[in-house]
Amino acid sequence: MEQGTAEPHPETRVWLPAQAVSGGPTGGPTGVRGRAAGPGAGGSGAAPPGPQPRRHSVRGQVLAALRRALTAGELLPGEVYSAPVLAERYGVSATPVREAMQQLAGEGAVEVVPNRGFRVCERSSRDLAEFSEVRTMLELPAIVRLARAVPPERWEELRPLAEEGVAAAARGDRAGYAEADHAFHQALIALTGNRRLTQVTGDLLRRAQWAAGAGGRPGTAALLADASEHTALLDALLAQEHGVVERIARAHLSAARHRH
């Protein structure tokens with residue numbers, strides 16, 4: 001039997017995404033369109049009018065929604081989730097859900113459970129500490145080099161990303177902040193011109209976010225404190241205060257073992 005396609009096992013968790021509660025006419029999250037949920041959706045079993053999105057587009061939307069659910073702690077560590085059940089809740093076929101979950105498995109967020117679905121990986125505080133240590137080893141030297149090589153005006157280009165993180169933190173939007181945090185660090189490291197470094201550090205941050213998603217949820221104050229370090233780092237980079245840059249970056253990366 002195909003992975004993730006079996007009928008839900010009695011212990012397989014049935015999860016209704018938070019986005020789906022106020023979603024579109026198919027019962028899925030807003031912006032995720034696919035097959036109709038059934039005769040009870042809008043009074044008919046027909047698909048929504050207009051052109052249907054390509055499968056790749058649907059998969060991307062489902063992937064984004066699942067990432068938010070994982071980061072927000074809506075998908076519980078150790079629980080198994082069935083692709084067909086998730087697909088029904090999203091109002092799409094099982095294929096894009098399965099493809100999205102396979103990608104998340106490659107990112108270390110979930111693992112395949114044959115004939116049942118996907119289990120959310122459980123992580124320890126040691127996992128989070130090790131992710132933080134490796135990120136510090138890779139990102140800190142890169143940031144220090146960039147501080148001396150990149151013209152100050154280039155740093156202002158990252159300001160909107162930092163401000164987006166502050167806005168998400170102020171709303172207490174843990175998943176939104178995780179996305180903004182990832183975008184900021186990716187844009188920062190991309191300035192090195194090293195695609196492999198950008199890819200590796202981005203993957204490490206994702207894995208750290210999955211690990212952190214399994215723990216307690218930080219409050220708005222904790223998110224704001226984290227977001228403010230991005231703006232403080234940019235201010236130091238613009239002022240070309242290299243010692244301050246290194247201190248802020250080291251503290252930011254080292255503290256990652258305790259946050260999100």
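- Within 6.0 Å of CZ in Arg159 there are more than 12 heavy atoms belonging to other residues, nucleotides or ligands.
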For Met101 and Val62: C-alpha separation, side-chain torsions, deciding distance, then whether side chain to side chain contact (heavy atoms under 4.5 Å, CB included) applies. CA-CA 9 Å; Met101 291 297 253; Val62 172; over 6 Å; no

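- In this structure, the side chain of Tyr177 does not engage the main chain of Leu224 through any donor-acceptor pair within 3.5 Å.
- Summarising the geometry of Gly202 relative to Gln186, their closest heavy-atom pair is CA-NE2, 3.1 Å, with the distance given to 0.1 Å.
- Asp203 places no side-chain N or O within 3.5 Å of a backbone atom of Val200 that could act as its donor or acceptor partner.
- Side-chain atoms of Ser132 come within 3.5 Å of backbone atoms of Leu253 as a donor-acceptor pair (strictly under, hydrogens ignored).
- Residues Ile248 and Leu191 share a single hydrophobic cluster, defined by chaining ILVMFWY side chains whose heavy atoms lie under 4.5 Å apart.
- A continuous path of ILVMFWY side-chain contacts below 4.5 Å connects Leu86 to Leu76, so both sit in one hydrophobic cluster.
- Rounded to the nearest 0.5 Å, atoms CG (Leu158) and CG (Leu237) are 9.0 Å apart.
- Remark: of the listed residues His230, Glu164, Glu163, His230 is the sole one forming a side-chain contact (heavy atoms from CB on, under 4.5 Å) with Phe184.
- Atom CD of residue Glu179 and atom OG1 of residue Thr71 lie 6.0 Å apart, to the nearest 0.5 angstrom.
- Summarising the geometry of Leu234 relative to Ala162, their closest heavy-atom pair is CD1-CB, 3.9 Å, with the distance given to 0.1 Å.
- In this structure, His252 NE2 and Ile143 CD1 are separated by 8.0 Å, a value rounded to the nearest 0.5 Å.
- Closest non-hydrogen pair, Ala142 versus Leu197, comes out as CB-CD2, 4.1 Å.
- The nearest pair of heavy atoms linking Leu66 to Ala100 is CD1-CB, 4.1 Å.
- The CG atom of Leu128 sits 8.0 Å away from the OG atom of Ser125 when rounded to the nearest 0.5 Å.
- Here the side chains of Glu139 and Leu204 are not in contact, with every heavy-atom distance at 4.5 Å or above.
- Counting heavy atoms from C-beta on, the side chains of Gln103 and Glu99 never come closer than 4.5 Å.
- Glu79 is not listed as a side-chain neighbour of Val120, based on a closest heavy-atom distance of 4.5 Å or more.
- The NE2 atom of His185 lies 9.5 Å from the OG1 atom of Thr201; values are rounded to the nearest 0.5 Å.
- Residues Val80 and Phe118 form no side-chain contact, since every pair of their non-hydrogen atoms from C-beta on lies 4.5 Å or further apart.
- Here the closest heavy-atom approach between residue Ala175 and residue Arg68 is recorded as CB-O, 3.5 Å.
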Residues Leu104, Leu63; criterion side chain to side chain contact (heavy atoms under 4.5 Å, CB included); working and verdict: CA-CA 8 Å; Leu104 290 172; Leu63 176 62; 3.8 Å; yes

Leu146 vs Arg154, test: side chain to side chain contact (heavy atoms under 4.5 Å, CB included). Steps then yes/no. CA-CA 11 Å; Leu146 288 170; Arg154 290 291 306 277; over 6 Å; no

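- Expressed to the nearest 0.5 Å, how far CG of Asp235 lies from CH2 of Trp155 amounts to 13.0 Å.
- With a 4.5 Å cut-off on side-chain heavy atoms, Val144 and His242 do not count as touching.
- Side-chain atoms of His182 and Gln209 form no donor-acceptor pair, as typed in the model, at a separation below 3.5 Å.
- Closest approach of Pro77 to Cys121, counting heavy atoms only: CB-O, 3.9 Å.
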